[in-house]
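The structure appears right after this line, and notes come after that.
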Protein chains: 2
Amino acid sequence: MDELTEPEQRILAAARKVFERDGYAGARMQHIADEAGISKASLHYYFRSKEKLFQRIFDEYITRIVPVFSAWNDDGDDWQPKVRTFMKGMMKAISESPMLLIAREFDRDPSKMEALLTARRKKPNAFAAYFERLSKAGLVRDIDPRPLIMAMQALCAYPYMNKAFLCAAMRMDPKQYNAYLDQYTDQAADIIIRAMKK
Amino acid sequence: MDELTEPEQRILAAARKVFERDGYAGARMQHIADEAGISKASLHYYFRSKEKLFQRIFDEYITRIVPVFSAWNDDGDDWQPKVRTFMKGMMKAISESPMLLIAREFDRDPSKMEALLTARRKKPNAFAAYFERLSKAGLVRDIDPRPLIMAMQALCAYPYMNKAFLCAAMRMDPKQYNAYLDQYTDQAADIIIRAMKK
DNA sequence: ATTAGGTTTGACTATTTGGTCAAACCAATT
DNA sequence: AATTGGTTTGACCAAATAGTCAAACCTAAT
């Protein structure tokens, strides 16, 4: 069904690269064509317009990220390792998908939100439900789960979204910074676990 | 010294609005002129080029935000209210300056980082120093301060940087969301305090 | 009233950019 | 060899856009 021809794949990879780097407004169709090693006319042959090409890629990101954000299966296992695993997965997904691009382009075109809303509509806030059960069972503190949702996202996404600024703020070069992010994943999970623990 | 004429102020306000909304690549000099109620030629009369105008505004943001990020005065008072006050100030500063724009444009032009680096060079990581004293005095846990720095920034900045996404993720309309952010400020501070407390 | 100096703008330019199209290309089929 | 149908592209177009400039405008000093 969703078979992609080889040139289509090359184009999509090129487009991802250019859109991520330059944003929608800054991206140039010619640059995408160059990156894919084809002519601009061919690029338009495969994907009618810049907007269509971008939408395709944007939707791809959304539908890839949303499931990660609600991956809470409520078996009886300990919640602490679950939090740790969840945040590790979140960090990985975000490091691969450009949250900055998503934030960048979300309000440019309000219809961009549709994909997110439909992807999200099915599942009823998985973490909130999970947390409520833990709370009722007396396993965690009885607090508002919303700041926890915000915080998990924030701790995972922000280090990638504002990389350059953080490098400067923490006096690290990008190499040191990336190395540090490995340790950080666990430290960030610790913060959330402490916020939940009785 | 830094007296700004009335049209200059109008232009800068207009430019802030347009650059924040559209980013550098998406911003149009004509839109800025319209917003300021003058002709495009006049706009160029006051600020030679788009790049110069943007640089001016960008530097303004950086020099306004950086001091807030290192506002740790180490008198003998309790550290917990200090953390709370600090994060409140940070949230306010970030809600007024567009962290998303900063993140957006930081790597477009590497020289954008200079302003940040020079503004930062003076002060030797105020929080790290403060935290070390607290830690040696046995007032807080003895842990790596870096995730705390990251977390404070993340918790304060992310809710503004990814507003639209979070609205959708938490099923709130923008009005509800803004209302919630008031409570959130304290909840976020709680998370940091818990991470520091023994 | 005239002058002088800063301010404002409509009209214009050069360049960039998304998008089109007819012609060329190429591989498979007859 | 000829035909067919999908693919590729150089050449081109129309619109948008940053930036320029000479002329008009305005105000305060002479």
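Sequence lines set the chain letters: A, B, ... in the order given, protein chains first and strands last, and positions in each chain run from 1. It should be emphasised that the depicted structure is a prediction, and the values quoted were computed from it without experimental measurement. Computation of the quantities below employed the complete heavy-atom set of this structure, encompassing side-chain atoms and omitting hydrogens, waters and symmetry-equivalent molecules.
Counting to the nearest Å, the P atom of D/dA18 and the CZ atom of B/Phe54 are 14 Å from each other. Atom-to-atom, CG of B/Leu43 to C1' of C/dG10 comes out at 16 Å; the value is rounded to the nearest Å. Here the C1' atom of nucleotide D/dA18 and the CZ atom of B/Phe47 are 16 Å apart, to the nearest Å. For the pair B/Glu8 CD and C/dT7 P, the interatomic distance rounds to 9 Å; values are reported in whole Å.
Looking only at atom types and distance, the side chain of B/Tyr158 has no donor-acceptor partner in the side chain of B/Gln153 under 3.5 Å away. Side-chain atoms of A/Ser135 and A/Glu132 include no donor-acceptor pair closer than 3.5 Å.
Within the model, atoms CH2 of A/Trp79 and CZ of A/Phe86 stand 14.0 Å from one another, a figure rounded to the nearest 0.5 Å.
Screening B/Leu166, B/Leu181, B/Leu100 for a side-chain contact (heavy atoms from CB on, under 4.5 Å) with B/Tyr160, the sole residue that qualifies is B/Leu181.
A/Arg48 CZ: 12 or fewer foreign heavy atoms inside a 6.0 Å radius. Applying the 6.0 Å contact sphere to NZ of A/Lys82 captures more than 12 heavy atoms from other residues, nucleotides or ligands.
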Going 5' to 3' through nucleotides 15-24 of chain C and flagging B where a protein heavy-atom sits under 4.0 Å of the base, S where only the sugar-phosphate is that close, and - otherwise, we get --SBBBB---
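Of the side-chain N and O atoms in A/Tyr45, none sit less than 4.0 angstrom from OP1 or OP2 of D/dT8. Phosphate proximity of C/dT9 to B/Ser42: present, with a side-chain N or O under 4.0 Å from OP1 or OP2.
Nearest to the side chain of B/Tyr46, among C/dT9, D/dT8, C/dT7, sits C/dT7.
The salt bridge (charged side-chain N to carboxylate O under 4.0 Å, His left out) search around A/Asp144 returns A/Arg146, not counting sequence neighbours.
Both tests hold for B/Lys50 against B/Tyr24: distance to the six-membered ring centre under 6.0 Å, angle to the ring axis within 45°.
With a cut-off of 3.5 Å on both pairing distances, the Watson-Crick and G-U wobble pairs of DNA chain C assemble into stems of 3 or more at C:1-30 with D:1-30.
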